[in-house]
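Below is one structure, written out as C-alpha cells; comments come after it.
All values derive from a computational prediction rather than experimental measurement.
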Amino acid sequence: MPGSDTEPDYRFTLANERTFLAWMRTALGLLAGGVAAHQLVPGHGTAKTALATLCVVLAAMVAVAGYPRWRRVQRAMRRGEPLPRSLMTLVLTCGMVVITVLAAILVLAG
C-alpha cells in the first residue's frame, strides 16, 4: 500500500546498496583520474589543471549525490512508491563527455 512503510525484500535493499557503492567507486575513479591527469597528461599547465579540476569537481558531485539518492530509493521501496528519477546520470554523462573531449585535445596537442 503506497504511503505506508514496509520492509522491502532484502534483495532490493542490497541492490540499492550496491548501486550506492557503484556511485562511490565512480567518484573515487574520477578523483584518481583528476590526480593522474594533473600529473601525467602532456600539455599546458592551465589546461591540465582545468582537466584535473573538472574530474575532481565531478567526483565531489557524484559522491555528494550518492547518499541522498540511496536514501530516496530506499524510502520509495519501503512505501511502495515509484523509484525517484535522478538528474545525476545526465550530469555524469555530460561531465564525462567534456572531460573526454578536453583530454583528447590535450593528448593530440601535446
Say whether Phe20 and Leu31 are linked into one hydrophobic cluster, either directly or through other cluster members, by side-chain heavy-atom distances under 4.5 angstrom. no
Going hydrophobic residue to hydrophobic residue with side-chain gaps under 4.5 angstrom, can you get from Val98 over to Met96?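 Val98 and Met96: one cluster.
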Per the side chain to side chain donor-acceptor pair (under 3.5 Å) rule, what does the pair list look like for residues 9-36, sequence neighbours excluded?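 Listed once each, the pairs are Asp9-Arg11, Thr13-Gln74, Asn16-Gln74.
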Taking salt bridge (charged side-chain N to carboxylate O under 4.0 Å, His left out) as the test, write out the residues that go with Arg85, two or more places apart. none
Residues, nucleotides or ligands: over 12 heavy atoms within 6.0 Å of Leu14 CG: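 Yes.
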Atom pairs and distances, donor-acceptor, side-chain atoms in residues 102-110, under 3.5 Å, two or more places apart:
none

What pairs with Leu90 under side-chain contact (heavy atoms from CB on, under 4.5 Å), at least two apart in sequence or on another chain? Cys94
Applying side chain to side chain donor-acceptor pair (under 3.5 Å), name anything that partners Gln39, two or more places apart in sequence or on another chain. none
Members other than Phe12 in its cluster, when Ile, Leu, Val, Met, Phe, Trp, Tyr link by side-chain heavy atoms under 4.5 Å? Val73, Met77, Leu83
List, one per line, each side-chain donor-acceptor pair under 3.5 Å for residues 52-72, sequence neighbours excluded.
residue: Thr53; atom: OG1; partner: Thr49; partner atom: O; Å: 2.7
residue: Arg69; atom: NH1; partner: Pro84; partner atom: O; Å: 2.5

